[in-house]
Amino acid sequence: MSDNGDPEALRAEVRAWLQANVPKGWRAAMTNAPQEAFVEAQRSWFSKLAAAGYATPHWPPGWPGGGRSLAEQKVIFEEVATADAPRLILYFVALYHAACTLLECGNDAQRGRYLPGILKGDIWCQGFSEPNAGSDLASVRTRAELRGDRYVINGQKIWSTMAQYADHCLLLARSGKSDPPQGGLTYMILDMRAKGVTVRPISQITGDDEFAEVFFDDVEVPVENRVGEDGNGWAVAQTTLASERGLTLVELSHRMRNALHRLGAIMRERGRLDDNALRRDVGAVTAKVNALCALADQYLLRRIAGEEGPGDASVVKLYYARVLREFTALGMRISGIEGQYDSGFMRGATQETGNWTIDFFNSYNWSIAGGSDEIQRNIIAERLLGMPREPRDWKLASDRG
Amino acid sequence: MTSEQNDLRQSARQVLQDLGVAPDEDAVDARVVELGWLLVGAPEDLGGLGLGLECACAVYTELGRGLAGAPYVAAMIALDAICAGAAADQAGWVERVAAGEHVAAPLAASALSRSASGSRLNGVVSAVPSADRASHVLAFSGDTVALVPLSLAGVTLSARQAWDRTRRLFDVRFEEVALDSQLVLATGADAAALSRRIVAHREFALACDAVGGATALLEVTVDYLQTRKQFGRPLAMFQALKHRCADLKVQTAAAEALLFDSLHRAAASAGDNVLLAKTAKFLACSTFAKVAEEAIQLHGGIAMTSEHVCHLFVKRALLNQHLGAQGDAYETHIAASILSDR
């Protein structure tokens, strides 16, 4: 392993490792595969990456694979994208959300207890969103009632990715008064095997059930599982949400650029390679995908230099979501009626399965989740452009006397 | 961005700010000569500063932001061709141009042909900025790149009044104009390569102009929304308008990011940069046009008057889309790189 800190030396090393280790034919193997096979494939790919030290480059020095600079992390993500390796969807929350939150806001006992488990392949899910707390996350209602040395949890979470396979949950619950709404929230680690936890997978628009609802019925969480202070959960949750955006979007942007040739492949397959109207659309999308890669790269470089400005992350996320929609919609259009026939589902490929209708559906994951496009627009308008917030009080016109 | 690029950008921004939006061409020219900006791109062994295209582009962007005229951009394109080509007395050209002798270059495609004997040019060099103050114009077709004195017999200038009043454009018509071998920069395969260098430079310059213009126009628009009140509150408080401004900000940031990235790649590459430059130009100019289209609507009635600066930006944005290579060629050219057989 190269420890001299030269990102380009690392690049050659990672590239060679990926060439030897990316599972051959994983796309075909994951098409129409049952979810259990997908989980198994993710486990196997994770343990390879973790053993090579490439799963945890963002962890601090001292941890296996850790201590990589942001520049080196960027190299790893770029190479993983270029090699078209499967995405580690099942481990994303564990490696980024859970680990970064514990590293930054947890205590030594929590780090000692949970981080080794993450390295061994523990699966984590996120318990933030609720049916009535989506974009407005501060209106979380799940109750955490402190009784002696434990919290008793009652309520419901939704959109927890892969919760049906999770060992632990990052839970945001209300333990105190709600004024301001962010004030009464507490952050804790909940054991998904505990009594009173019910997981119900959600059948999605794509036919998959990657997300789940989680119900809590008098679930007990020991007080030592609390991360940060009681009532300080909002701040801890911000750490969780800020843990990965720059790198993930570099990876996903590069993946989209590498997938541009699929537009050509589908045009050839449909005999539409000479369709000039389509060619123009491909040209326009290509320019935007290149711009997206440049935007994501430059954002990460600013982060590395400590020059990130307010709203910068929102600019990249919003542009990614818009370009992804355009890219997948174009693929769907080129596919014609063939694209409307269900040709099976490819797991682990996220937005670039080549089944354009599914990719189009999945593109909404990026414009709705993680702060919807509309939330990003508010952030950009207010923090980057300095435009004022809307007034908080409101009244329906029909209520006026 | 290197510190040189940044210094030049800051200095240019200050100068343009002092001169005001859409400044007088003579006033800009005097500052350009005084500050040595014409030397930015020329190599050091010919008396230039050797700072390269990225630094020149920092100035182009600021000129676009301030809606300055285009003689500088044209002279820089011509001078770069002179330095890269095989003209006699290159150092003399650098010195004269830096001192204020204007050499012009076209901002749109030319339609030129050589006579049967090969020694005479016919046709039109289109969209040449401020040609009436130039001594020479850069003419290039596939197999010849040459400077042509505008005083020669057979050369006629016609002023073309564009809707964009911030740039003074001319068509230069050649009728059996004799080529002077001292002024021929390249022929044959060299001419094709030099022409591509000229085209890449021009596309990048237009992309910079558009990024500068789009950025400035969005600022003007947001400022206006902050000031103007309707229904008892600033327009900037209405989410319907904020979200549109946010979208424009994102698109402008993306066009700028692509431009930086492409310039950086071009600087690091010894090869042909036409595709990089065209892609940057396409996105920058379509983004500027989008910002312009929205700016009128977001301003409302005031943008339909000539007293407000909005229309100057809008007209420049529209013209920019039609300068450089033309029409739909951009998207199909970009697509070809993706759709070639693999």
Side-chain angles (χ1 to χ4, degrees), chain A residues 257 259-265 267-268 272-299 301 311-312 314-323 373-391, chain B residues 1 218-219 221-223 225-226 232-265 275-276 278-287 327-342:
Chain A
R257 179 148 68 187
L260 278 170
H261 73 92
R262 292 179 193 280
L263 294 171
M267 280 171 75
R268 196 169 296 120
R272 302 180 73 179
L273 212 45
D274 296 325
D275 184 329
N276 217 39
L278 287 182
R279 292 181 77 92
R280 284 190 61 184
D281 291 342
V282 169
V285 162
T286 301
K288 290 177 191 175
V289 173
N290 283 330
L292 170 67
C293 290
L295 195 62
D297 279 358
Q298 286 165 29
Y299 166 64
L301 292 176
D312 280 0
S314 296
V315 169
V316 188
K317 191 200 177 234
L318 182 54
Y319 197 62
Y320 176 76
R322 301 318 306 167
V323 175
D373 282 4
E374 289 70 21
I375 295 286
Q376 307 304 336
R377 289 189 180 102
N378 279 348
I379 292 171
I380 292 163
E382 288 161 20
R383 298 190 202 159
L384 253 173
L385 299 176
M387 301 172 93
R389 290 183 68 113
E390 292 202 79
Chain B
M1 200 185 293
L218 182 56
E219 285 170 14
T221 304
V222 171
D223 282 351
L225 296 176
Q226 299 272 26
R233 54 167 98 161
L235 292 180
M237 199 178 271
F238 288 95
Q239 201 176 44
L241 308 184
K242 285 163 72 176
H243 281 195
R244 283 157 67 186
C245 292
D247 280 335
L248 297 175
K249 176 70 192 173
V250 168
Q251 289 168 51
T252 306
E256 186 179 37
L258 180 66
L259 174 60
F260 283 165
D261 186 73
S262 307
L263 276 170
H264 198 64
R265 284 171 196 271
L275 178 63
L276 278 174
K278 276 190 165 182
T279 310
K281 192 270 185 186
F282 164 70
L283 195 67
C285 289
S286 49
T287 300
D328 304 345
Y330 282 99
E331 290 105 308
T332 46
H333 186 180
I334 298 163
S337 65
I338 294 299
L339 300 177
S340 61
D341 283 340
R342 291 201 181 199

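Computed over heavy atoms, backbone and side chain alike; hydrogens, waters and symmetry mates excluded. Source: prediction; values computed, not measured. Order of the sequence lines fixes the chain letters, A, B, ..., with proteins taken first and strands second; residue numbering starts at 1 for each chain.
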*Looking at A:Ala381, A:Gly264, A:Ala294, A:Pro388, which one has more heavy-atom pairs under 4.5 Å with chain B than the rest?*
A:Pro388
*Can you tell which part of A:Ile379 gets under 4.5 Å to a heavy atom of chain B, answering side chain, backbone, both or neither?*
neither
_Given heavy-atom pairs under 4.5 angstrom as the criterion, report whether the side chain, backbone, both or neither of B:Gln226 touches chain A._
side chain
*asked:* Keeping A:Arg279 on the side-chain end and A:Leu273 on the backbone end, is there a donor-acceptor pair under 3.5 Å?
replied: yes
_At a 4.5 Å cut-off on heavy atoms, which part of B:Leu225 comes close to chain A: side chain, backbone, both, or neither?_
side chain
*Heavy-atom proximity to chain B below 4.5 Å, by part of A:Arg383*: neither
_For the student: nearest non-hydrogen atoms of A:Ala321 and A:Asp373, plus distance_ = CB-OD1, 3.5 Å
_Which atoms of A:Asn378 are under 4.5 Å from chain B, going by heavy atoms: the side chain, the backbone, both sets, or neither?_
both
*With side chain to side chain contact (heavy atoms under 4.5 Å, CB included) as the test, would you mind laying out the steps for B:Asp247 and A:Leu318 before giving the verdict?*
CA-CA 8 Å; B:Asp247 280 335; A:Leu318 182 54; 3.9 Å; yes
*asked:* For a quick test of reading the model, state the closest non-hydrogen atom pair linking A:Ala291 to A:Tyr319 and the distance between them.
replied: CB-OH, 3.9 Å
_Atom group of A:Gln298 that falls short of 4.5 Å from chain B, counting heavy atoms_ = side chain
*B:His264, NE2 atom: more than 12 neighbouring heavy atoms under 6.0 Å*: no
*Region of B:Lys242 that comes under 4.5 Å of a non-hydrogen atom in chain A*: both
*Enter the distance from A:Ile380:CD1 to A:Ile375:CD1 here, rounded to the nearest 0.5 Å.*
11.5 Å
*B:Arg233 portion near chain A, given a 4.5 angstrom heavy-atom threshold*: side chain
*Which of B:Thr279, B:Val250, B:Val222 touches chain A most, by non-hydrogen pairs under 4.5 Å*: B:Val250
*asked:* A:Leu260 vs A:Val285, test: side chain to side chain contact (heavy atoms under 4.5 Å, CB included). Steps then yes/no.
replied: CA-CA 9 Å; A:Leu260 278 170; A:Val285 162; 4.3 Å; yes
*asked:* Does B:Glu331 form a side chain to side chain contact (heavy atoms under 4.5 Å, CB included) with A:Asp281? I'd like the steps, not just the answer.
replied: CA-CA 7 Å; B:Glu331 290 105 308; A:Asp281 291 342; over 6 Å; no
*Relative to chain B, which of A:Arg322, A:Lys288, A:Arg377, A:Arg389 shows the most heavy atom pairs under 4.5 Å?*
A:Arg377
